[in-house]
Colleague: 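Structure below; questions to follow.
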Amino acid sequence: MHAYRTHNCGELRKEHVGNTVRLSGWVNRRRDHGGLLFIDLRDHYGLTQCVVEPDAAAFAEADRCRSEWVVTLTGKVVARTPETVNPDLPTGDIELRIAEVAIQSVAQELPLPVFGDLEYPEDTRLKYRFLDLRRERLHRNITLRSHVIASIRRRMIAQGFTEFQTPILTASSPEGARDFLVPSRIHPGEFYALPQAPQQFKQLIMVAGFDRYFQIAPCFRDEDARADRSPGEFYQLDLEMSFATQDDVFAAVEPVLHGLFTEFANGRDVGPAPFPRIPYDEAMLKYGVDKPDLRNPIVIADVSAVFAREDVAFKAFKGKVVRAIPAPGAGAQPRSFFDKLNDWARSEMGAAGLGYIVFEEDGGKLTGKGPIAKFIPEDGLAELARLSGVKGGDALFFAADREARAAALAGQARIRLGRELGLIDEKKFAFCWIVDFPMYEWNEDEKKIDFSHNPFSMPQFDREKFLALSTADRDTILGLKAYQYDIVCNGIELSSGAIRNHDPDVMLKAFEIAGYAREETEARFGGMLNAFRYGAPPHGGTAPGIDRIVMLIAGEENLREVTMFPMNQQAQDLMMGAPSAVSAKQLRELHIRVVMPEKA
RNA sequence: GGGGGCGUAGCUCAGUUGGUUAGAGUGUCGGCCUGUCACGCCGAAGGUCGCGGGUUCGAGCCCCGUCGCUCCCGCCA
């Protein structure tokens, strides 16, 4: 007989009755009935009830066992009597009659119980991650993550993509996020950087003629964490295609994501492919964000013209962009509902307020109630209702400000209203592409033009005219769109991608517009720029976030619930104790001297 | 860097206007129990109330500071 097990803890059924078997696992639960002792033995595969009586030879040893001890139990499989069958357990028809007990490992009193499904504080869970991972929820999520990644690999390979690895120690690149730096021992004063993404490498792979690349790629960015943003590191399904248009990329990615989410939908609805394609400008108008949750039926309308009318006397909105956010059925909400939203807009969004009108229908005629309704004549109200699509019993909220701020406030109000009015269908995955992102944006602080997203994207503009642009063409430049797109699901940005700029002249010009001298661009992106001078195929791709995909499929709101060994919000690994100080010898070898920040 | 929330037994939490010896559940330990599967019953141990200072006759509770965790803004594809 095998030293540890003949079967796993989720395996035994009626047909095994009469067999002598050996199981190993953790003591999930111990129930001592005096004349009878039950031990539920747990492993990765399941749970098996084991039982022993006081007159049995193995009783004394079994009686010592406590929660989370690791033990090997040997004995005969017996059928349970009909009234003691446990229908909730796959192994519930049988039990193991313990004849032999071998204790493999004992456990101290647990800082985090494995049994049960109570919530525990994050720091305890992170410090004792190995215990938390034994618990059903995390164990299931992490296993799911593995299945999701396996499915992604299958689907990508089926679509003709080839997986390649790219370096982890590479060069710092100036754009985007802060880099993690690794000091060089051999080259004093010089540093490697961990890749923020394999962006340049995958473009070089295209130049090298490999045509369709993918990788489950680790990415490193030294920025602050959020619930949907792990500190430091995360994984992307990085992919790139040669001789591909934007539509080709969409056509390659849609079946992978649609198929993947359908495979793991578990009763949830996955909207049909092709996914809706929404231009960035339209998204900002209708949803007030560039990552709209399309499960939320609310659509924002621009009603600036109504408040600009001479017969509309509401001064606070004059000369401003006014966005209207319909709140279906909110007419039935108490006054406090409206006050709360107004308070939220003032305190958290820094807005002047969130005005509203409650619409009532009276014999086919629409009337308005609320603080600002009286400033608007009857046909003005009708126009508001027409533009926003509200009807009797609905409320209409207003965000008034400069355009960007009005859009942002309206967008956040839309999210809040959707949630609070229960308009979100939780059993749905709503995908969309956001397309035509602006190439550049105005940096108000530094009074200069910045790349608004990925600097390697191809501008949607005639090549010769682009090369001829000058700083005098500011409005044209800020109006430029790029072949740059995002995939969004349920209001979460899953990925961004682009058709790349593979033309060295256009690239140098693109950087020049953003304030990088030609020599500087050559110095910083020389590797890639140089490659483009030796025959570069037109190419493009994208990189959906693996962690966020798993989070959506697992129905979790936090990345730590789908990450095996996550760091806390302060980017510390509480289990391993990272980051940590290193020895003086290590620092000397790396030619590094530590200068601590001065205490304020 | 800034804002919100939280911090009381190993764990989850309660603790009234500031008032005797800070409680419950769970876990641990001991006793009883032959069919439980969140077993049941009895008992015991277990607390620098995050830390420091202040106000007060008296502080878990009020004030100031500080530390930790978390959510958000800034930052970030």
Side-chain angles (χ1 to χ4, degrees), chain A residues 28-42 47-56 59 66-68 78 80-89 91-92 95 107-128 131-132 175-179 196-197 199 219-232 234 236 238 290-291 344 347-350 408 412 434 437 445 451-457 484-488 492-498 542-545 547-548 557-558 560 568-570 572 574 597 599-600:
Chain A
N28 193 57
R29 197 85 177 139
R30 170 185 187 279
R31 288 180 299 280
D32 181 2
H33 286 248
L36 197 61
L37 176 68
F38 294 103
I39 290 175
D40 291 341
L41 201 65
R42 184 197 72 239
L47 200 71
T48 301
Q49 173 166 286
C50 306
V51 62
V52 65
E53 289 168 11
D55 48 3
F59 181 83
R66 290 294 179 272
S67 284
E68 297 309 310
V78 300
R80 299 206 203 175
T81 60
E83 65 277 11
T84 62
V85 162
N86 185 348
D88 299 329
L89 224 51
T91 60
E95 62 194 7
Q108 301 176 13
E109 187 172 350
L110 299 163
L112 179 79
V114 173
F115 174 80
D117 53 2
L118 276 176
E119 302 269 353
Y120 294 92
E122 198 77 34
D123 45 343
T124 309
R125 294 181 58 197
L126 291 174
K127 183 165 179 196
Y128 299 96
L131 291 179
D132 203 12
E175 95 297 348
R178 225 171 271 126
D179 285 318
Q196 297 186 19
Q199 179 67 36
C219 305
F220 305 91
R221 292 175 194 160
D222 186 6
E223 299 294 346
D224 289 346
R226 288 290 182 279
D228 64 351
R229 206 166 81 208
S230 297
F234 60 96
Q236 287 183 339
D238 195 42
D290 61 2
K291 44 179 182 177
W344 159 81
S347 62
E348 281 185 50
M349 296 300 293
Q412 293 307 310
I434 306 298
F437 274 82
D445 295 339
F451 285 112
S452 86
H453 287 85
N454 189 318
F456 305 118
S457 302
Q484 164 94 37
Y485 38 82
D486 281 2
I487 302 171
V488 174
I492 289 175
E493 182 197 311
L494 281 189
S495 80
S496 73
T542 189
D547 314 80
R548 286 181 180 177
E557 306 250 307
N558 194 303
R560 286 188 297 270
N568 69 7
Q569 198 181 28
Q570 274 75 240
Q572 298 162 307
L574 297 177
K599 287 266 186 209

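Numbers restart at 1 for each chain; the letters A, B, ... are given by sequence-line order, proteins then strands.
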Colleague: Could you give the CG-to-C1' distance, from Leu574(A) to rU70(B), as a whole number of Å?
Modeller: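 Distance check: Leu574(A) CG to rU70(B) C1' gives 12 Å.
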
Colleague: Quick one: does Gln236(A)'s side chain have a donor or acceptor within less than 3.5 Å of a partner on Cys219(A)'s backbone?
Modeller: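 Side chain of Gln236(A) to backbone of Cys219(A), a donor-acceptor pair under 3.5 Å: no, none is there.
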
Colleague: Paired stems touching RNA chain B, three or more consecutive Watson-Crick or G-U pairs with both distances under 3.5 Å?
Modeller: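 As far as RNA chain B goes, consecutive pairing (with distances under 3.5 Å) yields the stems B:1-7 with B:67-73, B:10-13 with B:23-26, B:28-32 with B:40-44, B:50-54 with B:62-66.
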
Colleague: With rounding to the nearest 0.5 Å, note down the distance linking CZ in Arg229(A) to CD in Glu493(A).
Modeller: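 With rounding to 0.5 Å, CZ (Arg229(A)) is 10.5 Å from CD (Glu493(A)).
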
Colleague: Can you check the distance between rU26(B) and rA14(B), where both ends of the measurement are the C1' atom (answer in whole Å)?
Modeller: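 Here rU26(B) and rA14(B) have their C1' atoms 14 Å from each other.
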
Colleague: Can you tell me how far P of rG27(B) sits from CG of Leu110(A), to the nearest Å?
Modeller: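 Rounding to the nearest Å, CG of Leu110(A) and P of rG27(B) are 12 Å apart.
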
Colleague: Rounded to whole angstrom units, what separation is found between the CD atom of Glu122(A) and the C1' atom of rG7(B)?
Modeller: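 One finds 15 Å between C1' of rG7(B) and CD of Glu122(A), rounded.
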
Colleague: Using atom types as modelled and distance alone, determine if a side-chain donor or acceptor of Asn454(A) lies under 3.5 Å from a backbone N or O of Phe456(A).
Modeller: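 Checked: pair present.
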
Colleague: Could you give the distance separating rG27(B) and rU21(B) at their P atoms, to the nearest angstrom?
Modeller: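 Those two atoms are separated by 31 Å.
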
Colleague: When rounded to the nearest 0.5 angstrom, what is the spacing between OG1 in Thr91(A) and CZ in Arg80(A)?
Modeller: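 The OG1 atom of Thr91(A) sits 6.5 Å away from the CZ atom of Arg80(A).
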
Colleague: For Gln49(A), report the nucleic acid contact type (base, sugar-phosphate, nothing); a contact means any heavy atom under 4.0 Å.
Modeller: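 Base, at least one base heavy atom under 4.0 Å.
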
Colleague: Report the nucleotide, chosen from rC76(B), rC11(B), rG35(B), that has the shortest atom-to-atom distance to any side-chain atom of Ala177(A).
Modeller: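 Nucleotide nearest to Ala177(A)'s side chain: rC76(B).
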
Colleague: C1' atom, rA9(B) versus rC49(B): distance in rounded Å?
Modeller: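 Straight-line distance between the two C1' atoms is 10 Å.
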
Colleague: Given rG10(B), is OP1 or OP2 found less than 4.0 Å from the side-chain N or O atoms of Gln108(A)?
Modeller: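 Checking Gln108(A) against rG10(B): no side-chain N or O falls below 4.0 Å of OP1 or OP2.
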
Colleague: Would you give the length of the straight line joining atom CG of Leu131(A) to atom OG1 of Thr124(A), rounded to the nearest 0.5 angstrom?
Modeller: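 Nearest 0.5 Å value for the CG-OG1 distance: 11.0 Å.
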
Colleague: On the nucleotide rC71(B), are OP1 or OP2 found under 4.0 Å from the side-chain N or O atoms that Gln569(A) carries?
Modeller: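 Affirmative; the distance criterion is met.
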
Colleague: Can you tell me which nucleotide in rC37(B), rG27(B), rC72(B) comes closest to the side chain of Ala227(A)?
Modeller: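 Nearest to the side-chain atoms of Ala227(A), counting from C-beta on, is rC72(B).
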
Colleague: Nearest to the Glu53(A) side chain among rU34(B), rC37(B), rG68(B), which nucleotide is it?
Modeller: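 So the nucleotide nearest the side chain must be rU34(B).
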
Colleague: Quick one: CG on Leu112(A) to OH on Tyr128(A), what's the gap to the nearest 0.5 Å?
Modeller: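 Result: 9.5 Å between the selected atoms.
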
Colleague: With distance as the sole test, does Thr542(A) use its side chain to make a donor-acceptor pair with the main-chain N or O of Ser496(A) at under 3.5 Å?
Modeller: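 Yes, because the side chain of Thr542(A) sits within donor-acceptor range (under 3.5 Å) of the backbone of Ser496(A).
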
Colleague: Does the side chain of Arg31(A) get closer than 4.0 angstrom to OP1 or OP2 of rU36(B) through an N or O atom?
Modeller: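 The answer is no; no side-chain N or O of Arg31(A) sits under 4.0 Å from OP1 or OP2.
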
Colleague: Specify the separation, in whole Å, of atom CD of Glu68(A) and atom P of rG27(B).
Modeller: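 Going from CD in Glu68(A) over to P in rG27(B) covers 13 Å.
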
Colleague: Nearest nucleotide by nearest heavy atom, which residue falls closer to the 5' end of RNA chain B, Arg226(A) or Gln572(A)?
Modeller: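 Between the two, 5'-proximity favours Gln572(A).
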
Colleague: Measure CG/Asp123(A) against C1'/rC69(B) and give the value in whole Å, please.
Modeller: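 Atom CG in Asp123(A) sits about 5 Å away from atom C1' in rC69(B).
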
Colleague: To the side chain of Asp40(A), which of rC37(B), rC11(B), rU36(B) is closest?
Modeller: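 Side chain of Asp40(A) sits closest to rC37(B).
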
Colleague: Using atom C1' of each nucleotide, how far apart are rG60(B) and rG50(B) to the nearest Å?
Modeller: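 That atom pair is separated by 12 Å.
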
Colleague: For Arg221(A), answer base if it contacts any base atom (sugar-phosphate contacts may also be present), sugar-phosphate if it contacts only those atoms, and nothing otherwise; contact means non-hydrogen atoms under 4.0 Å.
Modeller: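 It contacts sugar-phosphate atoms only.
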
Colleague: Of the candidate nucleotides rC37(B), rG35(B), rC73(B), which contains the atom at the shortest distance from the side chain of Glu95(A)?
Modeller: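 Nucleotide nearest to Glu95(A)'s side chain: rG35(B).
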
Colleague: Taking atom P in both rG23(B) and rC69(B), what distance in whole Å separates the two?
Modeller: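 Roughly 32 Å separates the two P atoms.
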
Colleague: Need one value for Phe38(A): base, sugar-phosphate or nothing, where a base atom within 4.0 Å counts as base even if backbone is also close, heavy atoms only.
Modeller: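 Answer is base: heavy atoms of Phe38(A) come under 4.0 Å of a base.
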
Colleague: Closer than 3.5 angstrom, by distance alone: can the side chain of Arg30(A) be matched with the main-chain N or O of Arg66(A) as a donor-acceptor pair?
Modeller: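 It does not hold such a pair.
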
Colleague: Specify the separation, in whole Å, of atom CZ of Arg229(A) and atom C1' of rC72(B).
Modeller: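 Those two atoms, CZ and C1', are 11 Å apart.
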
Colleague: CD of Glu122(A) to NZ of Lys127(A): how many Å apart, nearest 0.5 Å?
Modeller: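 With rounding to 0.5 Å, CD (Glu122(A)) is 15.0 Å from NZ (Lys127(A)).
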
Colleague: What's Arg29(A) touching, base or sugar-phosphate or nothing? Going by heavy atoms closer than 4.0 Å.
Modeller: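 Sugar-phosphate contact only.
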
Colleague: Given atom CG of Asp132(A) and atom P of rC69(B), what is their separation to the nearest angstrom?
Modeller: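 It is 17 Å, rounded to the nearest whole Å.
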
Colleague: Is any side-chain N or O of Arg30(A) under 3.5 Å from a base N or O of rC39(B), one able to act as donor and the other as acceptor?
Modeller: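 No pair found.
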
Colleague: Using the C1' atoms only, state how far rC13(B) lies from rU8(B), rounded to an integer number of Å.
Modeller: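 9 Å, rounded to whole Å.
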
Colleague: For rC63(B) and rG4(B), measure between their P atoms and round to the nearest Å.
Modeller: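 Result for the P pair: 14 Å, nearest Å.
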
Colleague: When the side chains of residues 32-41 of chain A are checked against the rest of the protein, which donor-acceptor pairs come out under 3.5 Å, sequence neighbours left out?
Modeller:
residue: Asp32(A); atom: OD1; partner: Gly34(A); partner atom: N; Å: 2.8
residue: Asp40(A); atom: OD1; partner: Arg31(A); partner atom: NH2; Å: 3.0
residue: Asp40(A); atom: OD2; partner: Arg31(A); partner atom: NH1; Å: 2.8
residue: Asp40(A); atom: OD2; partner: Arg31(A); partner atom: NH2; Å: 3.3

Colleague: Is there a donor and acceptor pair closer than 3.5 Å between the side chain of Asp224(A) and the base of rC76(B)?
Modeller: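 Side chain to base: no pair present.
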
Colleague: Roughly how far apart, to the nearest Å, are rC75(B) and rU12(B) at atom C1'?
Modeller: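 To the nearest whole Å, 35 Å.
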
Colleague: Could you say whether Ser496(A) or Asn568(A) is positioned toward the 5' end of RNA chain B, judged by the nucleotide with the nearest heavy atom to each?
Modeller: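 Counting from the 5' end, the first nearest nucleotide belongs to Asn568(A).
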
Colleague: Does the Tyr485(A) side chain pair with the main chain of Ala498(A), one donor and one acceptor, at a distance under 3.5 Å?
Modeller: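 Yes: the side chain of Tyr485(A) pairs with the backbone of Ala498(A).
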
Colleague: Report yes if a side-chain nitrogen or oxygen of Arg125(A) is closer than 4.0 Å to either non-bridging phosphate oxygen (OP1 or OP2) of rU12(B); otherwise report no.
Modeller: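 Answer is no, no contact under 4.0 Å.
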
Colleague: Check nucleotides 28-32 of chain B against the protein and report each pair of N or O atoms closer than 3.5 Å, with its distance, or say if there are none.
Modeller:
residue: rC29(B); atom: OP1; partner: Arg66(A); partner atom: NE; Å: 2.8
residue: rC29(B); atom: OP2; partner: Arg66(A); partner atom: NE; Å: 3.1

Colleague: Measure from CG on Leu47(A) to P on rU36(B) and round the result to the nearest Å.
Modeller: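 Interatomic distance, CG of Leu47(A) to P of rU36(B): 17 Å.
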
Colleague: Less than 5.5 Å between centroids and less than 30° between ring planes, does His33(A) satisfy that with rU36(B)?
Modeller: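 A stacking contact does not exist, since His33(A) is not both close and nearly parallel to the base ring of rU36(B).
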
Colleague: So what does Asp290(A) touch, heavy atoms closer than 4.0 Å: a base, only the sugar-phosphate, or nothing?
Modeller: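 It contacts nothing in the nucleic acid.
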
Colleague: When all nucleic acid strands are considered with a 4.0 Å heavy-atom cut-off, which category describes Val85(A): base, sugar-phosphate, or nothing?
Modeller: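 Answer is base: heavy atoms of Val85(A) come under 4.0 Å of a base.
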
Colleague: Which is true for Glu557(A) with a 4.0 Å heavy-atom rule: it touches a base, it touches only sugar-phosphate, or it touches nothing?
Modeller: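 Result for Glu557(A) = nothing.
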
Colleague: Of the non-hydrogen atoms in Gln569(A) and Ala225(A), which two are nearest, and what is the gap between them?
Modeller: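 Taking Gln569(A) first and Ala225(A) second, the nearest heavy atoms are NE2-O, 3.8 Å.
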
Colleague: Can you figure out which of rU70(B), rG35(B), rC11(B) approaches the side chain of Pro113(A) most closely?
Modeller: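 Nearest listed nucleotide: rC11(B).
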
Colleague: Hey, what do you get for OG (Ser457(A)) to CZ (Phe437(A)), rounding to the nearest 0.5 Å?
Modeller: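 With rounding to 0.5 Å, OG (Ser457(A)) is 10.0 Å from CZ (Phe437(A)).
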
